[in-house]
Amino acid sequence: MDQNEFLETHIFSNLKGTTNGVETNPVHFFTEADFQVVLERIEHFGISVYQIEPFLDGKSFGIQTNEDLKKKATDVRWYGKAFSTFKHQQPGMLYSATYKVPTKLLARYS
């Protein structure tokens, strides 16, 4: 199982997201409510989140990275704070993120 398969099966399942249409490395976009579920699942599995980028009317609303907050990519405090800040700035956005599933986790589910 590769990273995309894992994310589709265990993180994005039963959520109404959209993609950018690229097959090899698709970017998924989720509503605020669905992205909250994504982050909860990410935390459960210990997956790294390197950046969060919200979009409003098809345009980027900004980018927040774990390095901006000087936190590890697996630290829920950084991505929880970034998501909270964005959703309070502007409701109704779509959210995307950059993830990294640990190799050991992929091996366990292969």
Compile the donor-acceptor pairs under 3.5 Å between side chains in residues 100-109 and protein atoms, sequence neighbours left out, one pair per line.
none

_Cluster check L15, L7: I/L/V/M/F/W/Y, side chain < 4.5 angstrom_ =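 Yes: a chain of side-chain contacts under 4.5 Å links L15 to L7.
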*Answer yes if L94 and V27 sit in the same cluster of Ile, Leu, Val, Met, Phe, Trp and Tyr residues linked by side chain heavy atoms under 4.5 Å apart, and no otherwise.*
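Yes: a chain of side-chain contacts under 4.5 Å links L94 to V27.
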_So, using ring pair (Phe, Tyr, Trp, His ring centres under 6.0 Å) as the criterion, who are the partners of Y95 when residues are at least two apart?_
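Checked Y95 against ring pair (Phe, Tyr, Trp, His ring centres under 6.0 Å); matches are F35, F83.
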*asked:* Can you list everything that forms a ring pair (Phe, Tyr, Trp, His ring centres under 6.0 Å) with F12? Sequence neighbours excluded, please.
replied: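 Partners of F12 under the ring pair (Phe, Tyr, Trp, His ring centres under 6.0 Å) test: H28, F30, Y99.
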For residues 56-70, run the donor-acceptor check on the side chains, cut-off 3.5 Å, and write out each pair with its distance to 0.1 Å, sequence neighbours left out.
from, atom 1, to, atom 2, distance (Å)
S60, OG, E53, OE2, 2.7
S60, OG, G62, N, 3.3
T65, OG1, E67, N, 3.4
T65, OG1, D68, N, 3.1
T65, OG1, D68, OD1, 3.2
T65, OG1, D68, OD2, 3.3
N66, ND2, K71, O, 3.0
D68, OD2, T65, N, 3.0

*What is the minimum heavy-atom distance between D34 and K16, and which atoms define it?*
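Closest approach of D34 to K16, heavy atoms only: OD2-N, 3.1 Å.
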*For the student: nearest non-hydrogen atoms of A73 and W78, plus distance*: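 Nearest pair, atom of A73 first, then W78: O-NE1, 3.6 Å.
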*Which distance, rounded to the nearest 0.5 Å, do you find between the NE2 of H10 and the CD of E5?*
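So the NE2 of H10 and the CD of E5 are separated by 10.0 Å.
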_So, taking the atom named CE in M93 and the one named CD in E32, what distance separates them when rounded to the nearest 0.5 Å?_
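Answer rounded to 0.5 Å: 7.5 Å.
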*Check for a donor-acceptor pair, side chain of S84 on one end and backbone N or O of G80 on the other, with a separation under 3.5 Å.*
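Flag not set: sc S84 to bb G80 has no pair under 3.5 Å.
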*Which salt bridge (Lys or Arg N to Asp or Glu O under 4.0 Å) pairs, counting each pair once, include a residue from residues 73-82, with sequence neighbours left out?*
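Every pair satisfying salt bridge (Lys or Arg N to Asp or Glu O under 4.0 Å) with a residue in residues 73-82: D75-R77.
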Pair up each side-chain donor or acceptor in residues 36-48 with any protein partner under 3.5 Å, not counting sequence neighbours, and list the distances.
from, atom 1, to, atom 2, distance (Å)
Q36, NE2, E40, OE2, 3.4
R41, NH1, I11, O, 2.7
R41, NH1, S13, O, 2.8

